[in-house]
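We name chains A, B, ... by the order of the sequence lines, and we start the count at 1 in each one. What you are looking at is a predicted structure, and each value in this text was computed from that prediction instead of being measured.
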Protein chains: 2
Amino acid sequence: MATISDVATLAGVSTATVSRALNGKATVDPELSARVVAAAEELGYRPNGPARNLRKQETAVLALIISDVENPFFTAIARGVEDVAHAAGYSLVLCNSDDEPDKEREYVDVALQERVAGVLLSPTGNTDTTELLDRNTTPVVAVDRPLPERTSDTVLLDNRLAAEEATLHLARRGYRRIGCLPGPSGILTADERLAGYRDGLRSAELPGSTTLVRRSRFKAEGARQSARSLLDRPDPPDALLVANNVMAVGVLQTLADLGLRPGRDIGVVAFDDAPWTTLLDPPLTVVAQPAYDMGAVAAQLLLDRLTAPGEPPTTQTLSAKLVVRGSTTR
Amino acid sequence: MATISDVATLAGVSTATVSRALNGKATVDPELSARVVAAAEELGYRPNGPARNLRKQETAVLALIISDVENPFFTAIARGVEDVAHAAGYSLVLCNSDDEPDKEREYVDVALQERVAGVLLSPTGNTDTTELLDRNTTPVVAVDRPLPERTSDTVLLDNRLAAEEATLHLARRGYRRIGCLPGPSGILTADERLAGYRDGLRSAELPGSTTLVRRSRFKAEGARQSARSLLDRPDPPDALLVANNVMAVGVLQTLADLGLRPGRDIGVVAFDDAPWTTLLDPPLTVVAQPAYDMGAVAAQLLLDRLTAPGEPPTTQTLSAKLVVRGSTTR
DNA sequence: TTGTACGCGTTATCAT
DNA sequence: ATGATAACGCGTACAA
């Protein structure tokens, strides 16, 4: 592949002039500049990124490490991040940690080694990752969940309040035995949603009971098992609060298998307003998270940090919106 | 951030020894090696990627440029690619071209500049991209669609056959006026699906008619408009073949708006077996693409190319599977 | 086995 | 305005 000195030779100038011409630096003689551009074009010259990054000690690349590329919530975040990053001249690379602490650590490691300008992360809770980040000065923004044992710029959702609202909504609709599938313990969004669920039960003066809670991974399969185990009880729940849209798929499949119709037979609220939720009969009541905005805000926070490294970290908490549909109407 | 010479100084050895010890090269005195490792750990040393890549003239990073991160089909491809890449010691970075030729070109440019080991791409059809790739030796694998005007390793699906089968299925189920929403013209998958649809009509001895075809982007909104425009006709179709799952959402919403029940009132087949398609009532008949496998095969093709650069490019064509469900049962 | 020294391709500094 | 050259951090050929 052609290098800068190939271009220089062809254009009959020095490498310094090529660099200046191609980067629009200083004042370069228009004629020379034209020669350089022509030569670069002819050779298909493309600056060597590693060399440039090495020399400049910086890159225009941001890394976003999300826990599930197949979850529309996270891909919507990615869109938000990308739009903002792109507008500011940064490229975004996406990595999928699959909610596995090891993979997360690995990708953070790669990002750090490649000296990306900044990292956006929806942490699994791996303290190794935190430690890794602590030892470096690369700016980090946590999205959706905070970093464990570390302050950083953070974009969160008020999960607790959202879960409480959803639970209260179910109670107001007359459901009395409300179950909850909050997701895995140890992940803050899951724990918060569980706490909010309990708040809601308390406010509604409904009896809380751990027998109505089943924890699992944020996957369809886990949710299927949890739902099945709840509904097979002698005293099954008459409503379910489900922690995300991937789990919702599992739950709804289980309900269908059991011949239970959402709304009439069992109230259902799930987090995330996926496009398909309106297609169901009845359509699904959801807690809509402003995923795109969360991504956009996170990216902006990171960009701000890059230009003003001194400032103290901030946490922005966005609000969800309950979208009431048929699955909570008897 | 600590450099290799910082480590060398702390361990009381030369940088060469540090390099050798950390990379497990040659034979290094165990005691020295231990000192090096300890020093590296103490300093939180992390090799400088750009410097290493510059020196080695290679990276262990693959780039996957897909046209829609919010489409489960492409994210499933990404999973397939990632699993294979990861197992071979490569990291994967994901870029979202949003089916915009300019963005695609830009990301290819970035990937080339960063000297990634290889590129996987679901091309928009941008010939600028092809030209860019042609001028470089970086291995490329096209996924889902071929590169325009260029041979390369390619992983395709037999879209034409799949569309024909789907159309024939509709015909056998008694639908007579079958419409088609194949996606944008100029994108091969769309054109092939349209061709297969016409094949199917011919085989079934049904009259083909361009008035039953509406082209749009691979988006829900485009599909909504297309569906509406078809169904508002005095002689509307009694069945629809829809080119992907994102468009299917738009179509199904439109049917619901019009009070049309899939299966009974109008047959519906869509490409892509998204998780939610079984939740509908009636569940959706789909053309299931082996997306994960397509990604895995593509990654393997790329890895093979990296180890054996000389070989002629190959094209692998996988087959789709028609999954019959209620939306094609009257 | 270990250390010295060079070069990867680029940008920035310093003369000219 | 332009050119020569040093330096970024690393790996490796060569010398010891």
Participant: With the threshold set at 4.0 Å, does a side-chain nitrogen-carboxylate oxygen contact exist between A:Asp99 and A:Arg145?
Facilitator: yes

Participant: Check every atom of C:dA12, D:dG9, D:dT2 against the side chain of B:Asn48 and return the nucleotide holding the closest atom.
Facilitator: D:dG9

Participant: Can you check whether B:Pro72's main-chain N or O pairs, donor with acceptor, with B:Thr75's side chain at less than 3.5 Å?
Facilitator: yes

Participant: Between B:Pro30 and A:Tyr45, who's closer to the 5' end of DNA chain C by nearest nucleotide?
Facilitator: B:Pro30

Participant: Which atoms form the tightest heavy-atom contact between A:Ala88 and A:Leu303, and what is the distance?
Facilitator: CB-CD1, 3.6 Å

Participant: So if I take every side-chain heavy atom of A:Ser19 and compare against C:dT11, D:dT12, C:dT2, which nucleotide ends up nearest?
Facilitator: C:dT11

Participant: Are any of A:Arg52's side-chain N or O atoms less than 4.0 Å away from OP1 or OP2 of C:dT11?
Facilitator: yes

Participant: Tell me whether the OP1 or OP2 atom of D:dG9 has a side-chain N or O from B:Thr3 closer than 4.0 Å.
Facilitator: no

Participant: Between the protein and nucleotides 4-6 of chain C, list every N/O to N/O distance that falls short of 3.5 Å.
Facilitator:
none

Participant: Near DNA chain C, counting only heavy atoms under 4.0 Å, which residues of residues 111-119 of chain B show up?
Facilitator: none

Participant: Phosphate oxygens OP1/OP2 of C:dG9: is one of them under 4.0 Å from a side-chain N or O of B:Gln57?
Facilitator: yes

Participant: Are any of the side-chain nitrogens in A:Arg305 or A:Glu311 under 4.0 Å away from the carboxylate oxygens of its partner?
Facilitator: no

Participant: With sequence neighbours excluded, tell me which residues meet side chain to side chain contact (heavy atoms under 4.5 Å, CB included) with A:Lys219.
Facilitator: A:Asp68, A:Asp98, A:Arg217

